[in-house]
Amino acid sequence: MPHLNENESCIVIAIAGASASGKSLIASTIYKELKAELGQDDIGIISEDAYYRDQSHLAMEERVKTNYDHPNSMDHALLVSHLKALKQGQSVEIPEYDYAEHNRKKTVTHFSPKRVIILEGILLLTDEKIRNELNVSIFVDAPLDICFIRRLQRDMQERGRTMESVVNQYRATVRPMFLQFVEPSKQYADIIVPKGGKNRIAINILKAQIKQLLKQK
Ligand SMILES: Nc1ncnc2c1ncn2[C@@H]1O[C@H](COP(=O)(O)OP(=O)(O)O)[C@@H](O)[C@H]1O
Ligand SMILES: Nc1ccn([C@@H]2O[C@H](COP(=O)(O)O)[C@@H](O)[C@H]2O)c(=O)n1
């Protein structure tokens, strides 16, 4: 059931930055706090990671070799089509992702139109077609060594990885692709947020900006 009225439109905010820079934490903090004010059905989060390409046709030995930090690993066309559909008041079925399997799950999440959509993901600002759909673009800037330590802990605890695999992947693709694609996309951000996911002042400014945009719509 669409939650947008005919004369309401949707505000899309993208939060980009390095892996483990604090994107999800900022997105979930804004989501929880604004949900209380706007109502549960008026705000939602979409993770770019849900749009990693399906790899069911590949064996596990092949899937581990994929470069998950290159824009080609993402189905950005599907993400753009979902954003356009949501803006037109249509619901979408968002893929669910399994990091341990390096593949999409068989299940999807039903996502209905919202007044505010928060996107978060490393490569969002690298794609002009995604940038064209955004009302506000944010880049979370955190030192790479801090991001690496957080990623090591998170990937071992939550994503079924060994220390060796995290270190090898970081050297082979995560750091080089950050330097080639993610860091240069900072130029497209409206706001650069330092100090990662617990920057209270930045979160307050972002919430105020979202509320201001909602008033103007
Ligand atoms: N400023 C911060 N201080 C301490 N821990 C943080 C901070 N920002 C993020 N984290 C933690 O680092 C980990 C990665 O953050 P997350 O938001 O998931 O990163 P991303 O979505 O950018 O990959 C999480 O465990 C999160 O709680
Ligand atoms: N099968 C996969 C898919 C993605 N990754 C890594 O996830 C990172 C992006 O997610 P964040 O939550 O950290 O922003 C990206 O750097 C990929 O390397 C993976 O390891 N395996």
Side-chain angles (χ1 to χ4, degrees), residues 13-33 45-76 79 95-105 118-127 130 137-183 185-186 189 192-204 206:
I13 294 113
I15 306 180
S19 171
S21 57
K23 303 179 299 295
S24 314
L25 188 57
I26 293 188
S28 61
T29 306
I30 294 175
Y31 170 78
K32 278 182 213 145
E33 295 180 14
I45 300 179
I46 298 179
S47 171
E48 185 189 33
D49 292 5
Y51 294 85
Y52 274 115
R53 292 184 193 281
D54 186 71
Q55 300 202 113
S56 305
H57 58 293
L58 296 180
M60 193 57 159
E61 305 89 81
E62 295 303 315
R63 289 183 205 163
V64 292
K65 293 182 197 158
T66 300
N67 179 347
Y68 295 100
D69 291 80
H70 191 284
N72 289 348
S73 63
M74 299 277 182
D75 189 350
H76 277 168
L79 172 56
E96 291 175 13
Y97 197 71
D98 186 334
Y99 295 95
E101 291 294 322
H102 300 284
N103 202 14
R104 286 187 186 167
K105 294 182 186 172
I118 306 174
L119 293 175
E120 64 83 19
I122 53 173
L123 293 162
L124 291 170
L125 299 185
T126 66
D127 190 326
I130 295 178
S137 51
I138 294 151
F139 191 96
V140 184
D141 216 4
L144 274 194
D145 55 346
I146 302 289
C147 294
F148 173 72
I149 293 166
R150 288 186 194 141
R151 178 171 169 130
L152 184 62
Q153 288 174 328
R154 181 200 61 193
D155 283 8
M156 290 179 69
Q157 283 162 14
E158 296 171 22
R159 295 190 180 177
R161 307 291 164 88
T162 60
M163 182 190 285
E164 193 190 12
S165 78
V166 177
V167 170
N168 289 342
Q169 186 189 11
Y170 188 79
R171 283 207 188 104
T173 55
V174 180
R175 189 172 187 280
M177 297 299 104
F178 172 81
L179 297 175
Q180 188 176 344
F181 294 107
V182 183
E183 217 274 340
S185 75
K186 195 198 285 187
I192 295 169
V193 174
K195 295 191 273 184
K198 293 191 180 167
N199 185 330
R200 189 65 243 177
I201 291 177
I203 289 167
N204 289 346
L206 292 170

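No hydrogens, no waters, no symmetry mates; every other heavy atom, side chains included, goes into these values. One-based numbering, in listed order, for ligands and for the atoms of each.
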Sub-4.0 Å heavy-atom approach of Glu120 to ligand 2: no
Residue Arg200 excluded, over 12 heavy atoms near CZ under 6.0 Å: yes
Closest protein heavy atom (residue, atom, distance) for atom 5 (N) of ligand 2: Tyr68 CB, 3.8 Å
Any side-chain donor near an acceptor of the partner, Asp49 and Tyr99, under 3.5 Å: yes
Ligand 2-proximal atoms of Arg154, by part, heavy-atom distance under 4.0 Å: side chain
Point-to-point distance, once rounded to the nearest 0.5 Å, from CZ of Arg150 to CG of Leu25: 8.5 Å
Which of the ligand 2 atoms, numbered from 1, are nearer than 4.0 Å to a heavy atom of Ala20: 13 (O)
Nearest non-hydrogen protein atom, atom 13 (O) of ligand 2: Ser19 OG, 2.6 Å
Leu124 and Leu79, any side-chain heavy atoms less than 4.5 Å apart: yes
Nearest-contact summary for atom 8 (N) of ligand 1 - protein heavy atom, Å: Gly197 N, 3.1 Å
Enumerated ligand 2 atoms positioned under 4.0 Å from heavy atoms of Asp69: 15 (C), 16 (O), 17 (C), 18 (O)
Arg63 contact mode with ligand 2 (heavy-atom cut-off under 4.0 Å): neither
Proximal ligand 2 atoms for Asp49, defined as those under 4.0 Å from one of its heavy atoms: 9 (C), 10 (O), 11 (P), 12 (O)
Subset of ligand 1 atoms that lie under 4.0 Å from at least one heavy atom of Arg154: 23 (O)
Nearest candidate to atom 1 (N) of ligand 2, where distance is taken over non-hydrogen atoms, out of Tyr97, Tyr170, Tyr99: Tyr97
Euclidean distance, Asp141 CG relative to Lys186 NZ, rounded to 0.5 Å: 3.5 Å
Side chain to side chain, Tyr68 and Arg63, heavy atoms closer than 4.5 Å: yes
Test log, rule side chain to side chain contact (heavy atoms under 4.5 Å, CB included), inputs Gln55 and Thr66: CA-CA 10 Å; Gln55 300 202 113; Thr66 300; 2.8 Å; yes
Side-chain touch Lys23/Glu48, heavy atoms, less than 4.5 angstrom: no
Any protein heavy atom nearer than 4.0 Å to atom 24 (C) of ligand 1: no
Within-shell test, Glu101 vs ligand 2, heavy atom, strictly < 4.0 Å: no
Closest to atom 9 (C) of ligand 1 (judged by heavy-atom distance), picking from Leu25, Ile26, Asn199: Leu25
Donor-acceptor contact present, side-chain Arg161 to main-chain Arg154, <3.5 Å: no
Ligand 2-proximal atoms of Ser73, by part, heavy-atom distance under 4.0 Å: neither
Side chain, backbone, both or neither: Arg161 near ligand 2, heavy atoms under 4.0 Å: side chain
Contacting atoms of ligand 1, where contact means under 4.0 angstrom from a heavy atom of Lys195: 1 (N)
Ligand 1-proximal atoms of Arg150, by part, heavy-atom distance under 4.0 Å: side chain
Residue pair Ile30, Ile118: steps toward the side chain to side chain contact (heavy atoms under 4.5 Å, CB included) verdict: CA-CA 9 Å; Ile30 294 175; Ile118 306 174; 3.8 Å; yes
Geometric N/O contact Ala20 with ligand 1, under 3.5 angstrom: yes
Donor + acceptor pair across side chains of Asn103, Ser56 (<3.5 Å): yes
Ligand 1-proximal atoms of Ala18, by part, heavy-atom distance under 4.0 Å: backbone
For ligand 2, the portion of Thr66 having any non-hydrogen atom under 4.0 Å away: neither
Aromatic centroids of His76 and Tyr51 separated by under 6.0 Å: no
Side chain to side chain, Phe178 and Ile122, heavy atoms closer than 4.5 Å: no
Minimum-distance protein heavy atom relative to atom 8 (C) of ligand 2: Arg151 NH1, 3.6 Å
Closest protein heavy atom to atom 16 (P) of ligand 1, given as residue, atom name and distance to 0.1 Å: Gly22 CA, 3.9 Å
Under 4.0 Å to a heavy atom of Gln169 - the qualifying atoms of ligand 2, by number: 18 (O), 19 (C), 20 (O)
From CE (Met177) to OG (Ser19), nearest 0.5 Å: 14.0 Å
Close side-chain approach of Ile130 and Leu125, heavy atoms under 4.5 Å: no
4.0 Å protein heavy-atom contact status of atom 3 (N) of ligand 1, strictly under: yes
Non-hydrogen side-chain atoms of Met74 and Tyr52 separated by less than 4.5 Å: yes
Top protein contact for atom 12 (O) of ligand 2, by heavy-atom distance: Arg159 NH2, 2.9 Å
Geometric N/O contact Lys23 with ligand 2, under 3.5 angstrom: yes
Side-chain touch Ser185/Leu123, heavy atoms, less than 4.5 angstrom: no
Ligand 1 contacted by Gly17 (non-hydrogen, < 4.0 Å): no
Atoms in ligand 2 with a heavy atom of Ile122 nearer than 4.0 Å: 14 (O), 15 (C), 16 (O)
Minimum-distance protein heavy atom relative to atom 21 (O) of ligand 1: Ser24 OG, 2.4 Å
